[in-house]
Amino acid sequence: MSNANNAVVFSPSDVEAVTGASYPGALKEICEERHKRRLGNHAGLANFGVNLVTLKPRSGSSLRHWHSKQDEFIYVLSGTATLVTDAGETTIGPGQCAGFAAGESNGHMLANNTDEDVVYLEVGDRTPGDTCSYPDVDLVGSYTGTGYVFTRKNGEPV
């Protein structure tokens with residue numbers, strides 16, 4: 001739906017939630033209860049993505065990772081998550097946010113260690129040539145424009 005300014009106006013509930021992650025094999029288990037509504041895609045945005053993410057209890061946002069070229073930003077709307085970085089664990093709750101600059105090799109992820117849903121906005125750019133490094137597992141993701149292709153750190157297929 002559009003308003004008089006040609007802006008796309010919609011409710012997040014109009015956007016189908018995508019469950020899980022595209023990680024290979026058992027690596028995707030951490031995200032089995034992660035539900036993303038790709039709001040930016042629904043609005044037709046090309047330069048950056050905006051996702052409304054729900055983490056069910058005992059689930060995670062991703063494997064711990066960092067991007068070579070993509071900035072990331074999160075803003076927690078409800079629930080309490082644990083932000084896991086190279087520095088350790090930090091609690092992050094409603095009204096708090098965190099940003100992760102491109103090229104800083106500080107692996108990060110959110111974990112929901114509570115009995116309530118965590119809901120947050122996730123914003124990232126779509127810079128061509130981005131790679132995603134995973135310090136805890138033998139995995140690298142290369143951005144293709146439509147998603148990430150995963151290989152082992154030595155370049156072999158997973």
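The first residue of the sequence shown is numbered 1, and numbering continues consecutively from there.
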* Asked: Any luck finding a side-chain donor-acceptor pair between T80 and T91 under 3.5 Å?
  -> no

* Structure fact -> Of all heavy-atom pairs linking P57 and T114, the shortest is CB-O, 3.1 Å

* What are the two closest heavy atoms between S78 and P94, and how far apart are they? -> CA-CG, 3.9 Å

* To do: May I ask you to test the K56-V118 pair for a side-chain heavy-atom distance under 4.5 Å?
  => no

* Asked: In Å, rounded to the nearest 0.5 Å, how long is the span from CG of D130 to NE2 of H67?
  -> 5.5 Å

* Asked: Applying the 4.5 Å side-chain criterion to the ILVMFWY set and letting contacts propagate, would L55 and I30 be lumped into a single cluster?
  -> no

* To do: Nearest 0.5 Å please: distance from the NE2 atom of H35 over to the OG1 atom of T19.
  => 4.5 Å

* Asked: If you round to the nearest 0.5 Å, how far is OG1 of T54 from CG of N112?
  -> 10.0 Å

* Answer yes or no: is there a side-chain heavy-atom contact under 4.5 Å between V123 and Y75? => no

* With side chains defined as the heavy atoms from C-beta onward, is the minimum distance between N106 and F100 less than 4.5 Å? -> no

* Would you find more than 12 non-hydrogen atoms of other residues, nucleotides or ligands less than 6.0 Å from N47 atom CG? -> no

* Asked: Could you go step by step and tell me if N41 and V15 meet the side-chain contact (heavy atoms from CB on, under 4.5 Å) rule?
  -> CA-CA 9 Å; N41 288 2; V15 181; over 6 Å; no

* Are L139 and Y148 side-chain neighbours, meaning at least one heavy-atom pair lies under 4.5 Å? -> no

* Asked: Do D125 and K69 meet the salt-bridge criterion of a basic N to acidic O distance under 4.0 Å?
  -> no

* **Minimum heavy-atom distance between T131 and S142, given as atom pair plus value** => CG2-OG, 4.0 Å

* L77-V50 co-clustered via ILVMFWY side chain contacts under 4.5 Å -> yes

* Asked: Going only through I, L, V, M, F, W and Y residues with side-chain contacts under 4.5 Å, is there a path from L39 to V53?
  -> no

* Going only through I, L, V, M, F, W and Y residues with side-chain contacts under 4.5 Å, is there a path from F48 to V18? -> no

* R37/D14 under salt bridge (Lys or Arg N to Asp or Glu O under 4.0 Å): CA gap, chis, key distance, verdict -> CA-CA 9 Å; R37 295 180 189 273; D14 294 340; over 6 Å; no

* Hey, are the side chains of L63 and D136 touching, using non-hydrogen atoms and a 4.5 Å cut-off? -> no

* Asked: Looking only at heavy atoms, which two atoms of A98 and L83 are closest? And how far apart?
  -> CB-CD2, 4.2 Å

* To do: Using the rule that two of Ile, Leu, Val, Met, Phe, Trp, Tyr join whenever any of their side-chain heavy atoms come within less than 4.5 Å, decide whether L27 and M109 are in one cluster.
  => yes

* Asked: NE2 of H108 to OG1 of T90: how many Å apart, nearest 0.5 Å?
  -> 13.0 Å

* To do: Indicate yes or no: at least one non-hydrogen side-chain atom of R152 is less than 4.5 angstrom from one of V140.
  => no

* Asked: Between atom CG of L45 and atom CZ of R38, what is the distance when rounded to the nearest 0.5 Å?
  -> 13.5 Å

* Mind checking the CG-CZ spacing from L110 to R34? Nearest 0.5 Å is all I need. => 11.0 Å

* **Distance-minimising heavy-atom pair for R64 and T85** => NH1-C, 3.7 Å

* Minimum side-chain heavy-atom gap C97-F73 below 4.5 Å -> yes

* Can you name the closest pair of heavy atoms from C31 and A21 and give their distance? -> CB-CB, 3.7 Å

* salt bridge (charged side-chain N to carboxylate O under 4.0 Å, His left out) contacts in which one or both residues fall within residues 87-112, not counting sequence neighbours -> none

* Asked: Just by modelled atom types, is the Y134 backbone N or O under 3.5 Å from a matching donor or acceptor in the K153 side chain?
  -> yes

